[in-house]
Q: 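The structure that follows is given in the form of structure tokens.
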Amino acid sequence: MKLSVIGAGYVGLTTAACLAQIGHDVFCAESDLDKLAKLQAGGMPIFEPHLEEVIKAARKANRLHFGSTEDAIAWGDAIFICVGTPPLPNGDADLHAIEAVARTIAKRASGFRLVIEKSTVPVQTGAQLRKHLAVYRSNGLSYEVASNPEFLREGTSVEDFLHPDRIVVGADSQRAAGMLREIYQPIISRTFTCPLHANCPTGREPVFLVTDTSSAELIKHASNSFLAMKISFINMVANLCEIVGADVTKVAQGMGLDPRIGAAFLNPGIGFGGFCFPKDVQAFIRIAEKSGCDFSLLKEVEKINQNRIHEVIEKLRSELWVIRGKKIAVWGLAFKPNTDDVRFAPSLALVKALVEEGATVSAYDPKATEKAKAVLPEINYCSDPYQAARNADAIVIATEWDEFRAIDWNRLKTVVEHPLILDGRNMFNGREVSDHGFHYVSVGRPQVLCGTKATDANDHMSEGLKSYQGLTA
Ligand code: UGA
């Protein structure tokens, strides 16, 4: 089928490339002219594993083209809207880019178009789109509007697109649902050539779930908000573990073994970030508020998340006494590993808080340095983790990049001023780190003091626990 994708961000680019990979003829539009020129010249505006190869192959097969919104609208029988919906100051999603695309479709397109909202939008955006197309159409356009929310994680978006658990389609007519089924059929029946695996993982086929448009829109916001809630929940459990001397990793493992809970998204840390969870939780709160529904549960989720940075700073303060004048190395700037995206990254909030406290910050990230520099020019950016750690009073791990797992601890020990690791992502085993002569502080797990034995009871006892035991003895 001839398909159009409007917007070449993480979602649009992955969608366009993967739809071409499964056999469609795709035209992807981008309004940022620099970005468009880069894509047309074979370059990549973002880092996303496997995406570059998939795009290259699709262009070679003449199944993927990049150009203007107008050309994309003229191209496809179905048009996927994948433009940004950033948060407004009041927490609402800013829908002006979606509205502009809808108006252009209404004015430019003739004949039939299936207009598909893939961007994350508030419930009832589909209904607004329908009205808008009716009001502005001028070329004899006939149309259907459908919702097809994406569940793509940055860093694994190609895998998620080609091997989804579910494909959700919100359609209020058989025709719209039928077209979307046809578009996704190669993925449902696994009949496409997979660029990722010689033998694709076996298992059940993705569920193709058809609902009304409003329910599909809600599925997306409810899913992201639920996952964010899981993270804030485990972060609070981690706080409690620190006080009573329990280990959150074990608590999460025990909880996750219950299939009703599930093990995923129970990793505590410095909080969730990225362009999805923070804005989607905020938008969902606003949607509920505007509908007269008090979803204050989500306000707590947000509050807990915002407090994570304060807690890291307090941990540092309790280790270093005074933060002002100290040199802090921050490892990891991307909001999670395997992406160069720093939007709403907790690492950036952390760095800002450290700078406000008067610390000197040296940071290293394998992929996100350029994007971080653009929004946070005032700190030192380093080309490797050792350079960042030079003369550091503490190393704070903000993103769990695999590269850090291969660190040469002996070399690291020679460059730091004070051997303290504050692992904000619980990526290391504390005993191993302390065996290399570092004092190790993580999240919701017992502190491991350098030079203590594993059997030493104090090893598993935080200051908080000692006072707690004092109180309860
Ligand atoms: C998220 C969802 O997982 C996707 O399903 C969804 O399609 C996407 O948003 C979207 O709306 O576009 P993404 O933002 O790429 O994907 O990243 P996640 O892997 O979900 O991680 C989000 C944040 O939560 C990261 O900062 C991560 O470090 C943090 N996180 C995740 C935790 O702190 N603990 C966990 O256990 C899991």
Side-chain angles (χ1 to χ4, degrees), residues 7 9-15 46-49 51 82-87 93 117-121 148-161 163-168 216-217 219-238 248-249 251-253 255-256 261-284 301-302 304-306 308-309 311-312 332-350 368 397-401 423-427 442-444:
Y10 284 91
V11 173
L13 213 46
T14 304
T15 301
I46 53 166
F47 167 73
E48 178 64 32
L51 190 54
C82 300
V83 295
T85 52
E117 39 168 45
K118 209 172 209 1
S119 308
T120 302
V121 290
N148 172 221
E150 51 84 16
F151 304 104
L152 310 174
R153 291 162 299 172
E154 287 182 25
T156 53
S157 69
V158 175
E159 170 87 37
D160 291 346
F161 195 99
H163 297 292
D165 307 308
R166 81 277 209 206
I167 296 166
V168 173
E217 290 166 338
I219 286 169
K220 174 59 196 264
H221 265 131
S223 299
N224 274 6
S225 298
F226 189 86
L227 291 171
M229 181 183 73
K230 263 186 118 174
I231 299 169
S232 281
F233 186 91
I234 203 66
N235 278 332
M236 285 313 293
V237 174
V248 71
T249 313
V251 178
Q253 187 189 7
M255 289 168 64
I261 298 173
F265 281 70
L266 287 180
N267 301 317
I270 64 170
F272 57 77
F275 202 57
C276 302
F277 284 0
K279 86 171 166 64
D280 289 354
V281 170
Q282 226 179 39
F284 208 34
V301 168
E302 225 183 3
I304 292 165
N305 199 52
Q306 283 158 0
R308 297 313 286 164
I309 300 305
E311 305 205 357
V312 177
L333 294 164
F335 81 96
K336 67 172 190 176
N338 300 320
T339 176
D340 60 353
D341 196 348
V342 296
R343 291 174 297 173
F344 299 100
S347 59
L348 299 195
L350 171 69
I397 301 175
T399 317
E400 65 278 33
W401 283 97
D423 183 352
R425 296 294 184 180
N426 284 2
M427 69 180 295
S442 56
V443 182

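Order of listing sets the numbers, starting from 1, for every ligand and every atom in it. In this chain, residues are counted from 1 in sequence order.
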Q: Quick check on C276 - does any of its heavy atoms sit under 4.0 Å from an atom of ligand 1?
A: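 The answer is yes, since C276 has a heavy atom less than 4.0 Å from ligand 1.
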Q: Is the contact between F275 and ligand 1 made by the side chain, the backbone, both, or neither, using heavy atoms and a 4.0 Å cut-off?
A: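 Looking at F275 and ligand 1, no heavy atom falls under 4.0 Å.
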Q: In terms of residue, atom name and distance, what is the protein heavy atom nearest to atom 3 (O) of ligand 1?
A: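 Nearest neighbour among protein heavy atoms for atom 3 (O) of ligand 1, to 0.1 Å: R153 CG, 3.3 Å.
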Q: To the nearest 0.5 Å, how far apart are OG1 in T156 and CD in E159?
A: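 The distance works out to 7.0 Å.
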Q: Once you round to the nearest 0.5 Å, how far does CG of L348 lie from CD1 of I309?
A: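 Separation between the atoms: 9.5 Å.
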Q: Please list the nearest protein heavy atom to atom 34 (N) of ligand 1 with its residue and the distance rounded to 0.1 Å.
A: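 Among all protein heavy atoms, the one nearest atom 34 (N) of ligand 1 is N267 O, 2.9 Å.
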Q: Which residue holds the protein heavy atom closest to atom 19 (O) of ligand 1, what is that atom called, and what is the gap in Å?
A: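 Looking at atom 19 (O) of ligand 1, the protein heavy atom closest to it is K336 NZ, 2.9 Å.
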Q: Is the charged tip of R343 near the ring of F335: under 6.0 Å from the six-membered ring centre and within 45° of its axis?
A: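 Pair R343/F335 does not count as cation-pi.
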Q: With sequence neighbours excluded, what pairs up with E302 under the salt bridge (charged side-chain N to carboxylate O under 4.0 Å, His left out) test?
A: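 For E302, no residue satisfies salt bridge (charged side-chain N to carboxylate O under 4.0 Å, His left out) once neighbours in sequence are set aside.
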Q: What's the shortest distance from atom 37 (C) of ligand 1 to any protein heavy atom, and which residue and atom give it?
A: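 Ranking protein heavy atoms by distance from atom 37 (C) of ligand 1, first comes F265 CD2, 3.3 Å.
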Q: Report the member of L152, D165, D280 with the shortest heavy-atom distance to atom 4 (C) of ligand 1.
A: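 Among L152, D165, D280, the closest heavy atom to atom 4 (C) of ligand 1 comes from L152.
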Q: When you compare ligand 1 with G273, is there at least one nitrogen or oxygen pair between them that comes in under 3.5 angstrom?
A: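 Between G273 and ligand 1 (N or O atoms, distance only) the closest approach is under 3.5 Å.
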Q: Out of all atoms in ligand 1, which are within 4.0 Å of some heavy atom of F272? Include the element for each.
A: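 The atoms of ligand 1 under 4.0 Å from a heavy atom of F272 are 23 (C), 24 (O), 26 (O), 29 (C).
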Q: Do ligand 1 and T120 have nitrogen or oxygen atoms that lie under 3.5 Å from each other?
A: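 No, since none of the N or O atoms of T120 sits under 3.5 Å from an N or O of ligand 1.
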Q: What protein heavy atom is closest to atom 12 (O) of ligand 1, reported as residue, atom name and distance in Å?
A: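 Of the protein heavy atoms, E150 OE2, 2.6 Å lies nearest.
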Q: Quick check on F151: does its CZ atom have over 12 non-hydrogen neighbours (other residues, nucleotides or ligands) under 6.0 Å away?
A: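 Above 12, so yes.
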Q: Give me the residue, atom name and distance of the protein heavy atom closest to atom 1 (C) of ligand 1.
A: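 Ranked first by proximity to atom 1 (C) of ligand 1 is F277 CE1, 3.5 Å.
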Q: With F265, which residues qualify under side chain to side chain contact (heavy atoms under 4.5 Å, CB included), at least two apart?
A: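 With neighbours one apart ignored, the set is L227, K230, I231, F277.
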Q: Number the atoms of ligand 1 from 1 as they appear, then name those within less than 4.0 Å of a heavy atom of I231, with their elements.
A: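 In order of numbering, the contacting atoms are 24 (O), 29 (C), 30 (N), 31 (C), 32 (C), 33 (O), 34 (N), 35 (C), 37 (C).
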Q: Could you tell me whether some N/O pair between E400 and ligand 1 is separated by less than 3.5 angstrom?
A: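 Such a contact does not occur with ligand 1.
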Q: If the test is side-chain contact (heavy atoms from CB on, under 4.5 Å), which one of L152, I46, T339, V11 qualifies with S157?
A: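 Exactly one pass, corresponding to L152.
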Q: Find the distance between CZ (R166) and OG (S223) and round it off to the nearest 0.5 Å.
A: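 Those atoms lie 4.5 Å apart.
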Q: Can you tell which part of L266 has a heavy atom less than 4.0 Å from ligand 1: side chain, backbone, both or neither?
A: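 Under 4.0 Å from ligand 1, L266 contributes backbone atoms alone.
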Q: Mind checking whether E117 and N148 have side chains closer than 4.5 Å, heavy atoms only?
A: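 Of all side-chain heavy-atom pairs linking N148 with E117, none is under 4.5 Å.
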Q: Can you check whether I234 reaches M255 side chain to side chain, under 4.5 Å on heavy atoms?
A: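 Yes, their side chains come closer than 4.5 Å.
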Q: For E154, take its heavy atoms, then give the atoms of ligand 1 lying under 4.0 Å from any of them.
A: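 Under 4.0 Å from E154, ligand 1 has these atoms: 15 (O).
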Q: Taking only heavy atoms of R425 into account, list the atoms of ligand 1 that are under 4.0 Å away from them.
A: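 In order of number, 28 (O), 33 (O).
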Q: Using side-chain heavy atoms (C-beta onward) and a distance below 4.5 Å, is N426 in contact with N267?
A: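 They are not in contact (no side-chain heavy atoms under 4.5 Å apart), so the answer is no.
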Q: Out of curiosity, is K230 lining ligand 1, as in a heavy atom under 4.0 Å away?
A: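 The answer is no, since K230 has no heavy atom less than 4.0 Å from ligand 1.
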